[in-house]
Chemist: 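Please read through the structure below; I'll follow up with questions.
Atom set for the values below is all heavy atoms of this structure, side chains included, hydrogens, waters and symmetry mates excluded. Predicted model, so just to flag it, every value in this text is computed and none were measured. All chains are named by letter (A, B, ...) in the order of the sequence lines, taking the proteins before the strands, and each is independently numbered beginning at 1.
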There are 2 protein chains.
Amino acid sequence: MNSENVTIYDIASDAGVSIATVSRVLRGESNVSEATRKKVQDVIDRRNYRPSSIARGMTTKTTHSLGIILPKLLNPHYAMIFTGAQEEARKSGYTMSLFPWSSLDTREYDPAAMLAERRLDGLIVCVEYLPPDHEEQVLSALRDLRQYMPVVLIGCVPPAYDFPAVANNNAAMMQEIVRYLTSLGHEKIAFIGGVEEDQDPLRRDVGYENGLRDARLPYIASYRVYCRGTAEDGGDALRKMLASLKEEYWPTAVIALNDLVAMGCMTAAREAGISVPEQLSVIGCDNLFCAPYLVPPLSSINTHQQRTGARAVQLLISGENKKETADWELVERASCARVKS
Amino acid sequence: MNSENVTIYDIASDAGVSIATVSRVLRGESNVSEATRKKVQDVIDRRNYRPSSIARGMTTKTTHSLGIILPKLLNPHYAMIFTGAQEEARKSGYTMSLFPWSSLDTREYDPAAMLAERRLDGLIVCVEYLPPDHEEQVLSALRDLRQYMPVVLIGCVPPAYDFPAVANNNAAMMQEIVRYLTSLGHEKIAFIGGVEEDQDPLRRDVGYENGLRDARLPYIASYRVYCRGTAEDGGDALRKMLASLKEEYWPTAVIALNDLVAMGCMTAAREAGISVPEQLSVIGCDNLFCAPYLVPPLSSINTHQQRTGARAVQLLISGENKKETADWELVERASCARVKS
DNA sequence: GTTTATAATGTAAGCGCTATCATGAGCGGC
DNA sequence: GCCGCTCATGATAGCGCTTACATTATAAAC
């Protein structure tokens with residue numbers, strides 16, 4: 001840019017000291033006399049000098065920058081994780097860069113190429129459900145990356161993964177939701193979302209099944225509808241389920257994979273003339289910012305995403321190889337009601 | 001990390017060539033014989049070598065990383081801008097890092113310190129409304145930064161700013177909204193949002209006033225309520241306005257600064273027993289993903305945030321010093337209705 | 001006043017690349 | 001068979017820092 005870049009040599013010669021001394025005041029070392037410190041600092045200020053973090057990184061082998069891989073930032077759930085991570089990173093002087101999930105897709109890139117060349121000081125990876133065929137590939141990409149930088153996982157992390165992680169206990173969350181709904185008298189409880197083929201023990205639908213079992217309710221295949229995690233898909237899924245069922249068999253409650261799916265369900269229900277929660281209780285997961293403003297306000301699970309993101313950064317920076325579970329709590333709003341007897 | 005970092009020297013000696021030759025095949029230069037290229041590439045693959053982008057940056061003076069400063073990622077509006085920018089950046093091999101707005105706040109940091117030291121190849125700054133006393137300070141921080149890297153502005157950019165920018169024409173948007181509402185027969189149109197003291201010609205409320213003038217409607221001070229841009233504030237603002245007015249003077253339409261504020265208004269209206277849109281039309285701005293799922297679905301202005309973010313990156317990379325205007329269009333949904341005569 | 005520890009500063013060797021310039025091999029043309 | 005080319009490759013000087021290590025100045029101890 002316009003101001004010719006001033007280097008440590010310029011400062012040194014201006015101040016009449018060696019570059020080592022400048023370096024010392026830059027890093028706030030103690031063994032510099034107060035007089036020279038001031039003299040050097042004055043020159044630094046006057047010339048508006050900023051040491052190049054990249055030259056610094058050359059010798060310190062550190063970039064003070066972290067990366068995070070998210071499925072999609074447009075889902076506020078991930079935006080919150082990112083925000084929590086970014087804020088925590090900044091506290092320690094780290095920068096946070098976003099990489100799309102496709103960075104791990106070897107069909108598109110050599111993941112390590114883009115990421116490893118950056119010499120990040122660490123990487124956070126938000127794991128959603130992975131189809132089994134894809135999973136092995138992602139896992140190997142992660143292991144590859146790990147040769148270059150510490151990696152911490154967030155989200156839906158199989159216990160078998162040997163990575164530090166802040167995992168959410170999807171099963172427990174869903175189980176609690178079922179318990180909550182049955183406590184309201186529901187017996188016909190549907191679950192919408194997820195992928196059919198999956199066997200992952202941490203999946204949300206496993207919690208659903210466990211919850212049914214706890215309540216001694218039968219698992220009814222028609223109440224289990226699969227869809228991807230968008231509002232549109234959620235609406236479609238509910239419509240399809242209702243269409244396939246005689247009205248007397250319609251569920252009285254729907255558990256949505258997440259709040260987006262729940263939003264789609266509520267809209268689909270309204271359009272079908274089904275009133276929420278009188279005829280159909282709906283509950284989501286993630287407690288997005290808009291949940292309280294839906295009609296009726298959507299019950300959900302607060303998963304403390306910002307805290308989760310921040311915690312992941314702490315693990316990354318501290319280097320602890322721990323697996324933690326993110327805490328969560330059910331947030332009751334008006335979208336779930338006692339079933340009419 | 002565990003794999004001792006292999007450098008260009010290792011590759012060179014393994015392949016029995018000089019580091020210059022390795023560098024040539026790394027950068028795909030043409031003047032390398034096919035035989036040595038293959039020989040070198042094989043070693044690179046075998047040793048799983050990734051050139052350090054930071055060492056490279058040392059001599060090329062380029063980091064292939066861009067930064068973006070946003071007020072807050074939690075507002076999906078900004079998440080979309082970020083996403084658009086990030087995707088476009090990646091297409092050109094750039095990385096995108098997030099910096100919070102506070103990075104420009106000299107009361108907290110020396111903005112240039114954190115940002116300039118990173119030697120970013122460019123910076124995007126999303127400008128919201130700035131209180132006049134703060135504005136001068138931010139502007140000077142931006143000018144300071146500009147000595148180190150190109151800067152492109154997005155959003156609410158005063159024409160006087162000498163920065164390349166993708167500005168949105170808030171005034172025109174609001175003016176169109178007023179036109180739309182008057183075309184539905186509304187005469188009592190309120191505007192909620194913004195900051196009272198501001199004089200900025202690009203402010204959304206200026207468009208509101210112009211729109212009223214176009215429609216030969218009086219500007220009524222009680223219909224002009226200020227609040228920050230959150231849903232909660234929006235609800236409070238509407239409540240306060242209604243409380244201050246006799247029912248016969250209640251507005252028949254409310255223009256909200258953005259969709260968050262609109263959400264708050266709709267909820268406040270519902271709680272007050274006012275039906276939207278029969279008794280009160282509501283319209284927002286930004287067309288957030290949840291707008292279609294509100295009750296009633298919220299009319300809004302689509303500001304094509306992703307496109308805007310992408311365009312800003314293009315300006316940054318190409319170095320054009322252009323000021324562009326983001327395009328937009330009104331999205332009609334059910335939250336606005338013809339006023340009952 | 002000489003010796004020694006101690007604090008303050010300087011010297012110089014990297015860090016892992018890129019880029020410039022030099023060198024050498026191969027080759028057609030006279 | 002020598003000249004001048006071109007093309008492939010090597011040698012090397014940075015880039016702007018940090019960091020041993022060396023050196024000098026200062027003070028404390030004898």
Chemist: Using OP1 and OP2 only, check whether a side-chain N or O of A:Y9 sits under 4.0 Å from D:dG14.
Modeler: no
Chemist: Scan side-chain atoms only and decide if B:T63 and B:S65 contain a donor-acceptor pair under the 3.5 Å cut-off.
Modeler: yes
Chemist: Base, sugar-phosphate, or nothing: which does B:T36 touch, judged by heavy atoms less than 4.0 Å apart?
Modeler: sugar-phosphate
Chemist: Given atom CE of A:M58 and atom C1' of C:dG14, what is their separation to the nearest angstrom?
Modeler: 9 Å
Chemist: Does a nitrogen or oxygen in the side chain of B:S18 sit under 4.0 Å from OP1 or OP2 of D:dG10?
Modeler: yes
Chemist: Could you pick out which residue, B:V32 or B:A55, lies toward the 5' side of DNA chain D when each is mapped onto its nearest nucleotide?
Modeler: B:V32
Chemist: With a 4.0 Å cut-off on N to O distance, would you call B:R50 and A:D144 a salt bridge?
Modeler: yes
Chemist: So do B:I317 and B:E88 actually touch side chain to side chain, heavy atoms under 4.5 Å?
Modeler: no
Chemist: For B:I19 and D:dT9, give me the distance from atom CD1 to atom C1', rounded to whole Å.
Modeler: 12 Å
Chemist: Taking for each residue the nucleotide of DNA chain C bearing the nearest heavy atom, is the 5' side occupied by B:R27 or by A:S30?
Modeler: A:S30
Chemist: Roughly how many Å is it from CG in A:L26 to C1' in D:dC17, rounded to a whole number?
Modeler: 9 Å
Chemist: Write down the distance between CG (B:D10) and P (C:dC15), rounded to a whole number of angstrom.
Modeler: 11 Å
Chemist: What are the two closest non-hydrogen atoms of B:R37 and B:E29, and how far apart are they?
Modeler: NH2-O, 2.8 Å
Chemist: In plain terms, say whether B:E87 and A:K72 are close enough for a salt bridge, that is, a side-chain N and a carboxylate O under 4.0 Å apart.
Modeler: no
Chemist: Please state how far atom CD1 in B:I8 lies from atom P in C:dT18, giving the value in whole angstrom units.
Modeler: 6 Å
Chemist: Atom CD of A:E29 and atom P of C:dT9: how far apart are they, to the nearest Å?
Modeler: 12 Å
Chemist: Given that A:R24 and B:T60 both sit by DNA chain C, which one's nearest nucleotide is further toward the 5' end?
Modeler: A:R24
Chemist: Taking the side chain of A:T21 as its heavy atoms from C-beta onward, which of C:dG10, D:dC17, C:dC17 lies nearest to it?
Modeler: C:dG10
Chemist: Can you tell me which nucleotide in D:dG10, D:dC17, C:dC17 comes closest to the side chain of A:R56?
Modeler: D:dC17
Chemist: Distance check needed: C:dT18 P versus B:I54 CD1, whole Å only.
Modeler: 13 Å
Chemist: Kindly say if B:T59 contacts the phosphate of D:dG14, meaning a side-chain N or O under 4.0 Å from OP1 or OP2.
Modeler: no
Chemist: Could you check whether the side chain of A:R119 and the base of C:dG16 have a donor-acceptor pair of N or O atoms closer than 3.5 Å, going by distance alone?
Modeler: no
Chemist: Examine C:dG16: is either OP1 or OP2 under 4.0 Å from a nitrogen or oxygen in the side chain of A:K61? Give yes or no.
Modeler: yes
